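Structure record follows, encoded as structure tokens.
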2 protein chains.
Amino acid sequence: MKISTRGRYAIRVMIDLAEHAQGEYIPLADIARRQEISEKYLEAIVSMLVKAGLLVGLRGKKGGYRLTKTPDQYSVGDILKITEGNFAPVACLEDEINSCDRASECKTLKVWEDFQKLVNDYFSSITIESLTGNDGCYDYVI
Amino acid sequence: MKISTRGRYAIRVMIDLAEHAQGEYIPLADIARRQEISEKYLEAIVSMLVKAGLLVGLRGKKGGYRLTKTPDQYSVGDILKITEGNFAPVACLEDEINSCDRASECKTLKVWEDFQKLVNDYFSSITIESLTGNDGCYDYVI
DNA sequence: TATAATCCTATTTATCTGATAGGAATATAC
DNA sequence: GTATATTCCTATCAGATAAATAGGATTATA
């Protein structure tokens, strides 16, 4: 029932970018220094966020990462879904169809289904913007 | 973010006992057979429940396990707290006092605190009795 | 062309999960 | 009091995953 370090770091990266980016690309080294996280480890995490389209990276000098949307358009849930895979508390809820033999007689299935919805709704309701010290007025265009 | 097999099995054991026990001791072999779970694996799980006082075991012939309370007095949360340790989604919330250096400046601490409460409240609200096919009238005395 | 950055692949270490095995201790029934 | 049925205890094992590190290929800018 733990949120992985990956997930926690991913959220911190997103908040950091939301607070410091003015539309330009921010090198990962800057984020790693501010957040006191190993740059090499962050690399793996950030690459997940890029692959999922939450960030874009640019190589070379003046390169780095930037958000693809404004901070109010990201939820904590969006990020955790990428790093944690999904919010299914049990394996049988990971796929659309439940392929567990015992599903029809399972007395706890509803407990897990309702729980999954609870978790999803909670994390979906928290925006990255709400976790920054910013005022919600972005003076840059994405 | 997964509930362990231990936790799921523990809940099934408790439901099984709530449905089948009439005050007498139920051998683990019976539960293992009904639930189609390895008896040896269940042993380790059930011993946790005994140590925590949710069940009592009796050795020897006519031995087995029985509940220490009526099914409506157990919540799913009571059981999961034992098998999962706690509901802290991050390590810094496991102890009473938060010993994380970054706690004072942590932008996500409240997210995790509120989440922990949400999870705790949810699982605490579900009784084992509500997961059985019983009517809530116990014809045995504990 | 030098430099600064992302991107990619592999490796390591530690921890946890799920499961199995063998046997010691003990309560009941005959 | 002996056989039997059961919990109880300790140890072990394989596999997966998490967290982190390392080295170098690629690419954009100045």
Side-chain angles (χ1 to χ4, degrees), chain A residues 1-10 12-13 17 21 24-33 35-68 80 82-86 88-92 94, chain B residues 1-13 17 21 24-33 35-68 80 82-86 88-91 94:
Chain A
M1 284 298 304
K2 284 276 183 300
I3 302 291
S4 70
T5 302
R6 263 205 315 267
R8 291 183 288 112
Y9 285 2
R12 283 168 62 184
V13 166
L17 277 171
E24 81 284 20
Y25 288 88
I26 308 285
L28 194 56
D30 292 6
I31 303 174
R33 186 170 19 79
Q35 298 296 326
E36 297 174 284
I37 303 171
S38 142
E39 182 180 349
K40 269 297 180 186
Y41 187 36
L42 274 192
E43 251 186 49
I45 294 165
V46 160
S47 94
M48 288 180 158
L49 301 175
V50 169
K51 285 203 182 84
L54 274 69
L55 297 180
V56 278
L58 180 70
R59 298 199 213 188
K61 228 167 184 173
K62 284 272 179 180
Y65 297 94
R66 66 170 176 75
L67 304 180
T68 54
L80 291 183
I82 291 161
T83 59
E84 316 296 296
N86 58 61
V90 291
C92 68
E94 278 174 349
Chain B
M1 285 298 304
K2 285 277 183 299
I3 302 290
S4 69
T5 302
R6 262 205 315 269
R8 291 183 288 112
Y9 285 2
I11 293 170
R12 283 168 63 184
V13 166
L17 277 171
E24 81 284 21
Y25 288 88
I26 309 287
L28 194 56
D30 292 8
I31 303 175
R33 184 170 20 79
Q35 299 295 326
E36 298 173 281
I37 302 172
S38 142
E39 182 180 349
K40 271 296 180 187
Y41 188 36
L42 274 192
E43 252 185 47
I45 294 165
V46 160
S47 94
M48 287 180 161
L49 301 175
V50 170
K51 284 202 183 84
L54 275 68
L55 296 181
V56 279
L58 180 71
R59 298 198 212 188
K61 229 169 184 172
K62 284 271 178 182
Y65 297 94
R66 67 171 175 74
L67 303 180
T68 55
L80 291 183
I82 291 161
T83 59
E84 316 295 296
N86 57 63
V90 290
E94 279 174 348

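Numbers restart at 1 for each chain; the letters A, B, ... are given by sequence-line order, proteins then strands. Hydrogens, waters and symmetry mates are skipped; everything else that's a heavy atom, side chains included, is used. All values derive from a computational prediction rather than experimental measurement.
Using a 4.0 Å cut-off, no side-chain N or O of S38(B) falls inside it from OP1 or OP2 of dG18(C). Between R6(B) and dT17(C) there is a side-chain polar atom (N or O) within less than 4.0 angstrom of OP1 or OP2. A sub-4.0 Å separation between OP1 or OP2 of dT12(C) and a side-chain N or O of Y41(A) is absent. For dA19(C), neither phosphate oxygen OP1 nor OP2 lies less than 4.0 angstrom from any side-chain nitrogen or oxygen of T5(B).
Taking atom OH of residue Y65(B) and atom C1' of nucleotide dA27(C), one finds them 14 Å apart after rounding to whole Å. Rounding to whole angstrom units, CE of residue M48(A) and C1' of dA19(D) are separated by 12 Å. Counting to the nearest Å, the P atom of dC16(C) and the NZ atom of K2(B) are 19 Å from each other. When the P atom of dT6(D) is taken as reference, atom CG of L55(B) falls 17 Å away, rounded to whole Å. The NZ atom of K40(B) sits 10 Å away from the C1' atom of dT10(D) (whole-angstrom rounding). R8(A) has its CZ atom 13 Å from the P atom of dA18(D), to the nearest Å. Distance, K51(B) NZ to dC8(D) C1': 8 Å, rounded to whole Å. Rounded to whole Å, atom C1' of dA19(C) lies 10 Å from atom CD1 of I45(B).
With hydrogens and angles ignored, the 3.5 Å screen pairs a side-chain donor or acceptor of T68(B) with a backbone N or O of G53(B). Here the side chain of E39(B) pairs no donor or acceptor atom with the backbone of L28(B) at under 3.5 angstrom. E84(A) places a side-chain N or O within 3.5 Å of a backbone atom of S4(A) that can act as its donor or acceptor partner.
Within the 4.0 angstrom heavy-atom criterion, no nucleotide atom of any strand lies near Y25(B). Contact annotation for S4(B): backbone-only contact, meaning every heavy-atom pair under 4.0 Å involves sugar-phosphate atoms and none involves a base. Nucleic acid contact class of K62(B) (heavy atoms, under 4.0 Å, all strands): sugar-phosphate only.
In the set dT6(C), dA5(D), dT3(C), the nucleotide with an atom closest to the side chain of K61(A) is dT3(C). Considering only side-chain atoms of E43(B), the nucleotide from dG23(D), dT7(D), dC9(D) that sits closest is dC9(D). Looking at the side chain of L58(B), the nearest of the listed nucleotides dC8(D), dG23(D), dT28(C) is dT28(C). Distances were taken from every side-chain heavy atom of Y9(B) (C-beta onward) to each of dA19(C), dC8(D), dT6(C); the shortest belongs to dA19(C). The listed nucleotides are dC7(C), dC8(D), dT6(C); the one nearest the side chain of E39(A) is dT6(C). Proximity note for R59(B) (side chain, C-beta onward) versus dT6(D), dT4(D), dC7(C): the nearest is dT6(D).
We find that K2(B) and E94(A) are joined by a salt bridge, their nearest charged nitrogen and carboxylate oxygen being less than 4.0 Å apart.
At least one side-chain heavy atom of I82(A) sits less than 4.5 Å from a side-chain heavy atom of L54(A).
Mapped onto DNA chain D by nearest heavy atom, T83(A) and G60(B) fall at different nucleotides, with G60(B) at the one closer to the 5' end.
When all heavy atoms of Y25(B) and V56(B) are compared, the pair lying nearest together is CE2-O, 3.9 Å.
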